[in-house]
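Just below is one structure, and these are the notes that go with it.
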Amino acid sequence: MDKKEFYAEIATVLELEPGSIKGNETLEELEGWDSMAVLGFIAMLDSRLGLIVPASSIAASRTVEDLVNLCQGKVTE
Amino acid sequence: MAGSSIAGAAVKGLATAVPEHVETVQSLARVFGEQDSAKIARSIGVNTRHLASPDQCTSDLCHAAASALLRHLQWDPASVDALLFVSQTFDYILPATGCTLHERLGLSKSCATFDVALGCSGFVYGLWLAYSLVSTGCRRVLLLAGDVISKVTGAGDRSTKPLFGDAGTATAIEADELSIAHFELGTDGTGNRQLIVPAGLFRRPHSLDTSVATERENGNVRSDEDLYMNGAEIFTFSLREVPPLVARILERSGWAKTEVDAFVLHQANKFMLDHLAKRMQLESEKVPISLAYFGNTSSASIPLTITQCLRGELEDRKRRLVLAGFGVGLSWGAAALEIGPLAIPDLIVVP
């Protein structure tokens, strides 16, 4: 999966328009990034990338870029 | 543990009892707002929950379920050799709640009775214990599993309040030479703090501090005597453990997925169940869901789902069921068993 697709997946989780995430956002400024969105994100990583990342590392993430970095190289430029 | 296969016992009947009081999404809107309540309900798949009144305990619900089941099966209470009470919400620190139920059900003095402190995985553990007891000489075992978890959810905690409902169940297990059941059980104690009521007993006794509700993560309001649930941790734990658990129980039983009539999973929440079912490639019609009307009822959720969703299929014929419970502990268990025809009384509503 490339970054553009990854951002679109996050937008889907947040019920936003596909192009609305640019990648330079902090999670705090993302509309709808709450505990339920985190579950949606975990489910997306599992079904799209076959990844189960530790919940604590998601909780420690501050930016969309941090989320990319959780994906163990499975999200490409 | 490597799992076990136990011959010589079979489930003969199940009953479920719920409190009369029902809370709806609309009543949650008063606390969390209309929009949030609707969004939460959509995600967790819970529209209504039966909640215990202040003077209703788990034992009251299990007592109602057990009485109805004994009557339905025409079992003489004196013929019950063992009573197991599985719960996270006991009536007292001591004695065992099972002993109080022993009195109320009029069981005999030769009946072995004990409590098991487990929740989401508790029914499967209880079934495994009941089958084990029969294999060592008991003839009839009553397994009572239930919880009133709503009593320990913070009124302002959106991670727990809209999700948990209360219920008590009774399951009758009897010696049966022709029957066999398979079990897989496990524990990850390192996750014990992810689903916990942190205070109120001996580790952190009740005090003014522990009983005051304050604002916590994501604006949730609760006290340290209320249930804390780290939903993200529980979800990743379930993704990690449940698919391999179900694969192991299928392997142990020798059944293909297509040969199983229903996969009855602990009713954690709809989002999680849908994802797990998809991940395990289970046909959705084989994964019954009772959440919409009852919420997550902890140790009662698997037997409640059997009585409410599979009654018609189990009353007159044999069915192959795979059961899987997972959660608080962290603890998990799966069972594969062929059961039926079963005695299943109507849902009991306790005023």
Tell me whether [X] at atom [atom1] has more than 12 heavy atoms from other residues, nucleotides or ligands lying less than 6.0 Å away.
| X | atom1 | value |
| --- | --- | --- |
| A/E31 | CD | no |
| B/Q35 | CD | no |
| B/Q281 | CD | no |
| B/K286 | NZ | yes |
| B/E34 | CD | no |

Relative to chain B, which of [options] shows the most heavy atom pairs under 4.5 Å?
| options | value |
| --- | --- |
| A/L45, A/I52, A/D46 | A/D46 |
| A/G40, A/S56, A/A55, A/S47 | A/A55 |
| A/I42, A/V38, A/I58 | A/I42 |

query = From A/M36 CE over to B/D36 CG, what is the distance, rounded to the nearest 0.5 angstrom?
reply =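 Going from the CE atom of A/M36 to the CG atom of B/D36 covers 7.0 Å.
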request  = Please look at A/L39 and chain B and tell me whether the side chain, the backbone, both or neither of the residue comes under 4.5 angstrom of a heavy atom of that chain.
outcome  = both
task = Locate the shortest heavy-atom distance separating A/V53 from B/T236; write the atom from each residue and the value.
result = O-CG2, 3.4 Å
message = Minimum heavy-atom separation for A/A43 and B/F271, please, with both atom names.
response =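 It is CB-CZ, 3.7 Å.
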task = Against chain A, label B/I234 side chain, backbone, both or neither, depending on which of its atoms sit under 4.5 Å from a heavy atom there.
result =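 Contact with chain A involves no heavy atom of B/I234 at all.
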Residues 11-24 of chain A side chain polar contacts: donor-acceptor under 3.5 Å, at least two apart:
unit_1	atom_1	unit_2	atom_2	d
A/T12	OG1	A/A8	O	2.9
A/S20	OG	A/E17	O	2.5
A/K22	NZ	A/G19	O	2.8

request  = Given side-chain contact (heavy atoms from CB on, under 4.5 Å), test A/D34 with B/K39 step by step and report yes or no.
outcome  = CA-CA 12 Å; A/D34 57 14; B/K39 189 179 165 194; 3.3 Å; yes
Donor-acceptor contacts, no H, no angles, side chain residues 188-196 of chain B, under 3.5 Å, sequence neighbours left out:
unit_1	atom_1	unit_2	atom_2	d
B/D188	OD1	B/T190	N	3.1
B/D188	OD1	B/T190	OG1	2.5
B/D188	OD2	B/T190	OG1	3.3
B/N192	ND2	B/G189	O	2.9
B/Q194	OE1	B/N230	ND2	3.4

